[in-house]
Protein chains: 2
Amino acid sequence: MRADAKKNYENILEVASVVVAKHGADASLRDIARRAGVGLGTLYRHFPTREALLEALLRAGFDELTAKARELETASSPDDALVSWLRDVIACAGNYQGVVAAMMAAMEDTKSALHASCVTMRTAGTRLLTRAQAEGLARTDMDGDDLFSLAAALAWLGDQPSSAPRAEHLFSIIASAILTNRASSDFRAQPPL
Amino acid sequence: MRADAKKNYENILEVASVVVAKHGADASLRDIARRAGVGLGTLYRHFPTREALLEALLRAGFDELTAKARELETASSPDDALVSWLRDVIACAGNYQGVVAAMMAAMEDTKSALHASCVTMRTAGTRLLTRAQAEGLARTDMDGDDLFSLAAALAWLGDQPSSAPRAEHLFSIIASAILTNRASSDFRAQPPL
DNA sequence: ACCTGAACACCGTTCAAGT
DNA sequence: ACCTGAACACCGTTCAAGT
């Protein structure tokens, strides 16, 4: 990649991060190009689709989540690992409002730039779920797809102004449905002293 | 209302029902006006905001749900009533994809044309929840807002192609978190023979 | 009273023309 | 190789002009 092209690429990404954080995943691409000081065609050259841009924005977070899943698989008890990872996935998707809808759409669209990342995410979650199920710590009538859907639903609730303030509580309710033999209060972000 | 105005009103509503059912709550208002054979200003006159149009589309279903809640309060056991009503609320919101996001936004916006309907809905749900809680059939660490949020999340999952096929199962998972002392299999749409 | 549609300020997407 | 921005076909919203 030529030096000027690389600079444009990184500039667009940086501006997009700010704009998408403020206006959500449906932010105007024109606006991003304008603020980045590049032509609209340049944005499209580097990011042929909106999903490609979102994927670039989310990549770092996704990589972290994948690493964290691997780490948790050996470092924590199966149920703590699952809950902790789930919370992080939801927090990651919550960085940019509206992105969770794009992720759900990408699950069904093999050609989406977000598809691979989402499948990787689901696979990592499935492993943590299976491990918890094997030890009788998670309900056995659900699979990785269900887990991914529930995580997405919680991320979506975090995007909605009317439910965002209760996001933690809603998380604990759903977590208590996934995990077995655990009190709902076990899933609070700050555990009681 | 003049006869011609009334005819326009009803015509718009009928066309909107078809278009919104097919293209979701973000369907083009221009398109609806065009198909209804009226000027764009006429649509805006009758429905000053998109929410006003959605409210008109949903009113019948909302009224049914309110009536059903009242009926269930005397006709069914508290837990069956709650689960049955919840399923109907979700089905109602699922008639037009994307409408659940508008409903969530309306909860926070007193001036929204959907606000009153949503509050009514939440109140009806709260009564059914409280009744179940009083008999020890529903978890006591949640309120009507939580119930509304969980119902909205399930409706949203029903809108997503990747989770829609598992909507029933996801419903049973969340229902099992709300109700106490009930097996998840109790919440299937078609009970086992 | 009610209706119409042009006008305005925006989009996403493509692509010929430039360097 | 890469960039630009005009061009096209759409939006939502408003409002002067018509009947």
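Computed over heavy atoms, backbone and side chain alike; hydrogens, waters and symmetry mates excluded. Chain identifiers are assigned alphabetically (A, B, ...) following the order of the sequence lines, protein sequences preceding nucleic acid strands; residue numbering begins at 1 within each chain.
The distance between atom NZ of B/Lys7 and atom C1' of C/dC3, rounded to the nearest whole Å, is 14 Å. Taking atom CG of B/Leu43 as the reference point, atom P of D/dC15 lies 17 Å away to the nearest angstrom. With rounding to whole Å, A/Arg35 atom CZ is found 10 Å from C/dC11 atom P. A/Leu29 places its CG atom 19 Å from the P atom of D/dC10, with the value rounded to the nearest Å. Rounded to an integer number of Å, the gap from CD of B/Glu51 to P of D/dG12 is 12 Å. The separation between A/Asp26 atom CG and C/dC10 atom P is 18 Å, rounded to whole Å. Counting to the nearest Å, the C1' atom of C/dC2 and the NE2 atom of B/His46 are 8 Å from each other. For A/Tyr44 and C/dA16, the OH to P distance is 17 Å, given to the nearest whole Å.
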**OP:** Go through the steps to decide whether A/Phe62 and A/Glu55 satisfy the test side-chain contact (heavy atoms from CB on, under 4.5 Å), and finish with yes or no.
**Re:** CA-CA 9 Å; A/Phe62 281 169; A/Glu55 198 273 337; 5.6 Å; no
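Contact between A/Leu65 and A/Trp85 at its shortest, heavy atoms only, is O-NE1, 2.9 Å.
Residues in residues 144-160 of chain B take part in these side-chain hydrogen bond (donor to acceptor under 3.5 Å, both in side chains) pairs, two or more places apart or across chains: A/Arg166-B/Asp146, A/Arg166-B/Ser149, A/His169-B/Asp146, B/Arg122-B/Asp145. Among pairs with a residue in residues 6-21 of chain A, those fulfilling side-chain hydrogen bond (donor to acceptor under 3.5 Å, both in side chains) read A/Ser17-A/Tyr96, at least two apart in sequence or across chains.
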Please tabulate, one pair per line, each protein N/O and nucleotide N/O from nucleotides 17-19 of chain C that are separated by under 3.5 Å, including the distance.
none

Between the protein and nucleotides 4-6 of chain C, which nitrogen or oxygen pairs come in under 3.5 angstrom?
from, atom 1, to, atom 2, distance (Å)
C/dT4, OP2, B/Gly39, N, 2.7
C/dT4, OP2, B/Thr42, OG1, 2.6
C/dG5, O6, B/Gly41, N, 3.2

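Contact annotation for B/Ala27: backbone-only contact, meaning every heavy-atom pair under 4.0 Å involves sugar-phosphate atoms and none involves a base.
Under 4.0 Å is where a charged nitrogen must lie from a carboxylate oxygen, and between B/Arg35 and B/Asp31 at least one such pair does. A salt bridge between B/Arg131 and B/Glu73 is absent, with no side-chain N of the basic residue lying under 4.0 Å from a carboxylate O of the acidic one.
Shown here is B/Arg127, whose CZ atom has no more than 12 heavy atoms of other residues, nucleotides or ligands within 6.0 Å.
Scanning residues 10-21 of chain A for heavy-atom distances under 4.0 Å to DNA chain C yields an empty list.
Side-chain atoms of A/Met142 and A/Leu150, non-hydrogen and from C-beta on, do get closer than 4.5 Å to each other. The closest side-chain heavy-atom distance from A/Ser84 to A/Leu72 is below 4.5 Å. Counting heavy atoms from C-beta on, the side chains of A/Leu154 and A/Val89 never come closer than 4.5 Å. Using a 4.5 Å cut-off on side-chain heavy atoms (C-beta onward), A/Ser176 and B/Arg139 make contact. Side-chain contact between B/Asp143 and B/Thr126 is absent, with no heavy-atom pair separated by less than 4.5 Å.
For the OP1/OP2 pair of D/dG12 and a distance below 4.0 Å, the side-chain nitrogens and oxygens of B/Ser28 include at least one atom meeting the criterion.
The CG atom of B/Leu114 sits 8.0 Å away from atom OG1 of B/Thr49, with the distance rounded to the nearest 0.5 Å.
At distances below 3.5 Å, not a single donor-acceptor pair connects side-chain atoms of A/Arg87 with backbone N or O atoms of A/Glu168.
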Original post:
Which dot-bracket notation, 5' to 3', represents the base pairing of DNA chain D when pairs are defined as Watson-Crick or G-U with both distances under 3.5 Å, crossing pairs as [ ], and inter-strand pairs as |?
Top reply: ||.|||||...|||||.||
